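Report on one structure; see the data block that follows.
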2 protein chains.
Amino acid sequence: MTRTVLMPAETIPTVIDDAIRVAVSTVIFTLRRLPGSDAAAVALPLVRRTRDPHEGQWALPGGWLDVTEDLGAAASRTLAETTGLAPSYLEQLYAFGAIDRSPSRVVSIVYWALIRPDEIVDAVENVSWFDAAALPELAFDHNEIVDYALWRLRNKVGYSRIAHGLLADEFTLAELREVYETILGRRLDPANFRRQVENSGNLIPTERFRTGSHRPARLYRYNQDVELAERGPLGARD
Amino acid sequence: MTRTVLMPAETIPTVIDDAIRVAVSTVIFTLRRLPGSDAAAVALPLVRRTRDPHEGQWALPGGWLDVTEDLGAAASRTLAETTGLAPSYLEQLYAFGAIDRSPSRVVSIVYWALIRPDEIVDAVENVSWFDAAALPELAFDHNEIVDYALWRLRNKVGYSRIAHGLLADEFTLAELREVYETILGRRLDPANFRRQVENSGNLIPTERFRTGSHRPARLYRYNQDVELAERGPLGARD
DNA sequence: GCAAAAGTGTTCCGGGTACACCCATGT
DNA sequence: ACATGGGTGTACCCGGAACACTTTTGC
């Protein structure tokens, strides 16, 4: 058996029965205050599909991997192209490649990311933000993928210090605590929380305070030096 | 710009300048007793490459992903084809896709696995076992990959109970402890180790004992029920 | 009996948790 | 003044680490 392929390179590849294509998608989380509520919730942007398969359904932002770019670069690029976002934290999640996850054979390298509320660009064509706890039925296996990403987020928040990826440069301990409480889904003791993050050595106190309602709260910033070396031998690997 | 491809489907695809191919490789660990020493060490099988690129160099067992098989199935198949091994534990490690990791563009979905010494089939053509601590220079970025897999192994051994993937069905606590000591690279207190692993609820004591040198040691087996649910929402996902 | 590994008991220490309490500010 | 969140002090609990000690075998 032989096959012949003739196509313009600029278009999306036509489906070839024994070809495998590589896509890159990103689950990108932020925290936002629910309208009509004082509680924060995990939210993520989805893109409405404008072509088959699953036309009209919501899907994770992503696109085809380009021959000339690394995996992480492809995640950043496709994320920017579809949503206009540039996350502060980006990490590979998993490679999904079940044969029936798409009509044609697609292996998706999925990344997950965190973004600060102030970095969010709103009102992008075909993009909408959803509460992670109340997603509609998504295209492909994307519901499953989001579930897994949420699991990783909750897990990682437990032992790593990535929560600052959801906050602006300077923040109060109460704001940081709210991030943890939202992701973990339970209340944390303010006193103990303070001591734990202070002793972790990741926080640098500033001389600025957030004023407003009651006693002013000291603003902190993150110590960027600690950041790395948690992922093991892989620095910024693809 | 257009391109034309004409090829028999049974052969390995020829290199096409703007094509991306998907490979699957596996880092598979076992423990073996070093010759002329009483200490155990982490070892893994490598395959000598018989064609370019990197002909003659050692590489991880693997092969091309088939259109009709899931990622995990491809890992199992290529592992069996190249080494004859069927691991008791197999999990996705990472997707490697840097543009310069191979002369042509290859994205490798890498799995890592554990195998029991009694499952090892020896004397397979072009396959040789190496001490993980003293590897030669491998093909592609495979040294990096093994380093990362070793890091994950050590990490996971700390919080998960996968060490039994390296032991036969029944084993003494001393044998189990040796597995941990070898992977972690430090001695563990036998008394404390016993209590910890006993209280974890993963061990089932048998009425059999290993006799030999001194006081007989009770044999244990693993409680298979606990096994799962550790990977989150992904059961046996690809 | 003695060496050596199996197995038990006990103490200490540090980090997490619960909770009482004081401090500083807006209204 | 008082309500409210910021921030401190302290007692308790539990799990890990260290280590002394007893038990059971082979030689």
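All chains are named by letter (A, B, ...) in the order of the sequence lines, taking the proteins before the strands, and each is independently numbered beginning at 1. Treat the numbers as computed from the prediction; the structure is a model and nothing was measured.
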Taking the side chain of [X] as heavy atoms from C-beta outward, which of [options] is closest to it?
{"X": "B:Asp189", "options": "C:dC19, D:dC19, C:dA6", "result": "D:dC19"}
{"X": "B:His214", "options": "D:dT25, C:dG7, D:dG9", "result": "D:dT25"}
{"X": "B:Phe209", "options": "C:dC19, C:dG7, C:dT8", "result": "C:dG7"}
{"X": "A:Gln196", "options": "C:dG16, C:dA24, C:dA18", "result": "C:dG16"}
{"X": "A:Arg195", "options": "D:dA18, D:dG26, C:dC19", "result": "C:dC19"}
{"X": "B:Arg194", "options": "D:dG7, D:dG16, C:dT8", "result": "C:dT8"}
{"X": "A:Ala191", "options": "D:dA17, C:dT25, C:dA20", "result": "C:dA20"}
{"X": "B:Arg218", "options": "C:dG7, D:dG7, C:dG9", "result": "C:dG7"}

Practice prompt. Between B:Asn192 and B:Ala174, just flag the one whose closest nucleotide in DNA chain C comes earlier from the 5' side.
Written response: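 So the residue in question is B:Ala174.
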Answer yes or no: is there a donor N or O on one side and an acceptor on the other, between the side chain of [X] and the main chain of [Y], under 3.5 Å?
{"X": "A:Arg32", "Y": "A:Ala43", "answer": "no"}
{"X": "B:Glu144", "Y": "B:Asp141", "answer": "no"}
{"X": "B:Gln196", "Y": "B:Phe193", "answer": "no"}

Practice prompt. Return yes if the base of C:dA24 and the side-chain atoms of A:Arg215 contain a donor-acceptor N/O pair under 3.5 Å, otherwise no.
Written response: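 Not at all, since no donor on one side and acceptor on the other fall under 3.5 Å apart.
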Nearest whole angstrom, please: distance from the [atom2] of [N] to the [atom1] of [X].
{"X": "B:Arg210", "N": "D:dG26", "atom1": "CZ", "atom2": "P", "answer": "15 Å"}
{"X": "B:Asn199", "N": "C:dG9", "atom1": "CG", "atom2": "P", "answer": "13 Å"}
{"X": "A:Phe193", "N": "D:dG5", "atom1": "CZ", "atom2": "C1'", "answer": "15 Å"}
{"X": "B:Leu188", "N": "D:dA18", "atom1": "CG", "atom2": "C1'", "answer": "13 Å"}
{"X": "B:Leu176", "N": "C:dA6", "atom1": "CG", "atom2": "P", "answer": "12 Å"}

Practice prompt. State, to 0.1 Å, how close A:Thr30 and A:Arg116 come at their nearest heavy-atom pair, and which atoms those are.
Written response: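 Shortest heavy-atom contact: OG1-C, 4.1 Å.
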Fill in: NZ/NE/NH1/NH2 to OD/OE distance under 4.0 Å, B:Arg208 and B:Glu170
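Yes, this pair counts.
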